[in-house]
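For reference, the structure discussed in these notes is given below.
Chain letters run A, B, ... following the sequence lines, proteins first, then strands; residues in each count from 1. The figures that follow rest on heavy atoms only: side chains count, while hydrogens, waters and symmetry mates do not.
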Amino acid sequence: MPRDNTSRVESAASLPGTRRLSLQALPRRFYARDTELVARDLIGRVLECTRDGVTCRGLISETEAYLGEHDPACHAAVGRTARTAGLYGPPGTAYVYFIYGMHWCVNAVTRAEGLPSAVLIRGVLPLHGVEAMRRRRVEGRTPPLASARSSRVVADQALADGPGKLCRAFGIDGPTHHGVDLVRGTALRILRGAPVDDARVMVTPRIGISKAVDWPLRWVLRPGQ
DNA sequence: TCAACGATTTTCT
DNA sequence: GAAAATCGTTGAG
């Protein structure tokens, strides 16, 4: 276990507007609120995953809210099934699902147990464990994706700027992380980090969906200052 | 049992 | 900008 895993703050001086980030886990009550509030408030927080003795951390830069059975784009729109059962779990747990036959995506379950809603974490800015992220992004490739062209260096900022990419980079997958407690667990947590001002956050419709395409439920950290 | 689709990413043209 | 890669989940028959 890396020694710095026990530190309470982490410097992120290279990230505009963020200097010292709290490394305490967000409390349960953070998640037990309206999903839109949680999605907005997760911007600037820190996703942490410890796997194979390596801890990776990233500043959450993009989220989407999925509101429950009445949200046509939410998995819970089909009701409670084996797949969606995790959405009905306690707030502050992880809902991890497999998509397009090759990608894992990670969500934080929100509101109260029995109310199926969650926040999809779509992107983070790497803070810690960048070497492990780079290695996983390359190792995970299979032919023909592992062509000579694809071996080019990926910019650090692009290591985890999509929901599938961040799971690959952080080593997050369903068998390991679906249903884990983000509050009291150790494998996968979300830390307090540093809340950001509204001026630094954009709101847009969700992307990559075919239903409720105009609902403004995506929050993005503005690049730069 | 089977076909269609999907909260995506990457490569090639 | 288009298309491939790839498989779990869902719903129809």
- Query: Of the candidate nucleotides B:dT10, C:dA5, B:dT9, which contains the atom at the shortest distance from the side chain of A:M102?
  - Reply: C:dA5
- Message: Applying ring-ring contact (aromatic ring centres under 6.0 Å, His included), can you list everything that pairs with A:W104, at least two apart in sequence or on another chain?
- Response: A:F98
- Starting at atom CH2 of A:W215, determine the distance to atom P of B:dA7, rounded to an integer number of angstrom. 14 Å
- Could you tell me whether A:R83 contacts a base, only the sugar-phosphate backbone, or nothing, with contacts defined as non-hydrogen atoms closer than 4.0 Å? sugar-phosphate
- Would you call A:F98 stacked on C:dG8, i.e. ring centres under 5.5 Å apart with the planes less than 30° off parallel? no
- Query: Between A:R40 and A:D198, is the closest basic N to carboxylate O distance under 4.0 Å?
  - Reply: yes
- Message: For a stem of at least 3 consecutive Watson-Crick or G-U pairs with distances under 3.5 Å, i pairing with j, i+1 with j-1 and so on, which stems involve DNA chain B?
- Response: B:1-6 with C:7-12, B:8-12 with C:1-5
- Ionic contact status for A:R222 with A:D197, cut-off 4.0 Å: no
- What integer distance in Å separates A:D161:CG from B:dA7:C1'? 16 Å
- How many Å lie between CD on A:E62 and C1' on B:dT9, as a whole number? 14 Å
- Task: State whether A:R33 and A:D41 are salt-bridged, where the test is any N-O pair (Lys NZ or Arg NE/NH1/NH2 against Asp/Glu carboxylate O) under 4.0 Å.
- Result: yes
- Would you please indicate if the ring centroids of A:H75 and A:Y66 are separated by under 6.0 Å? no
- Item | Minimum-distance nucleotide to A:V78 side chain [options: B:dT8, C:dG11, B:dT9] | C:dG11
- Item | Phosphate contact (B:dC5 OP1 or OP2) by A:S210 side-chain N/O below 4.0 Å | no
- Query: Between A:W104 (CH2) and C:dG8 (C1'), how many Å, whole number?
  - Reply: 9 Å
- Message: Tell me the interatomic distance from A:R136, atom CZ, to B:dT9, atom C1', rounded to whole angstroms.
- Response: 18 Å
- Message: What is the distance, to the nearest angstrom, from the NE2 atom on A:H103 to the P atom on C:dA4?
- Response: 15 Å
- Task: Using whole Å, report how far NZ of A:K211 lies from C1' of B:dC5.
- Result: 9 Å
- Heavy-atom donor-acceptor pair, A:T84 side chain to A:L87 backbone, under 3.5 Å: no
- Query: A:I172 has an atom CD1; how far is it from atom P of B:dT8, in whole Å?
  - Reply: 16 Å
- Task: Report yes if at least one side-chain N or O of A:R168 is closer than 4.0 Å to OP1 or OP2 of B:dT8; otherwise report no.
- Result: no
- A:K165 side chain N/O closer than 4.0 Å to the phosphate oxygens (OP1, OP2) of B:dT10? yes
- Query: Is the shortest side-chain N/O distance from A:R122 to OP1 or OP2 of B:dT8 below 4.0 Å?
  - Reply: yes
- Query: Does A:T81 have a side-chain nitrogen or oxygen under 4.0 Å from the phosphate oxygens OP1 or OP2 of C:dT10?
  - Reply: yes
- Message: Test your reading of the model: is there a side-chain donor-acceptor pair from A:E64 to the backbone of A:I207, 3.5 Å cut-off?
- Response: yes
- Selection: residues 106-121 of chain A, any non-hydrogen atom under 4.0 Å of DNA chain B: A:N107, A:L120
- Query: Between A:R122 and A:D161, is there a salt bridge with N-O shorter than 4.0 Å?
  - Reply: no
- A:H177 side-chain N/O to A:D173 backbone N/O, donor-acceptor pair under 3.5 Å: yes
- Phosphate contact (B:dA7 OP1 or OP2) by A:H75 side-chain N/O below 4.0 Å: yes
- Message: Classify A:Y100 by what it touches in the nucleic acid, base, sugar-phosphate, or nothing, heavy-atom distance under 4.0 Å.
- Response: base
- State plainly whether the residues A:E48 and A:R189 are in salt-bridge range, i.e. N to O under 4.0 Å. yes
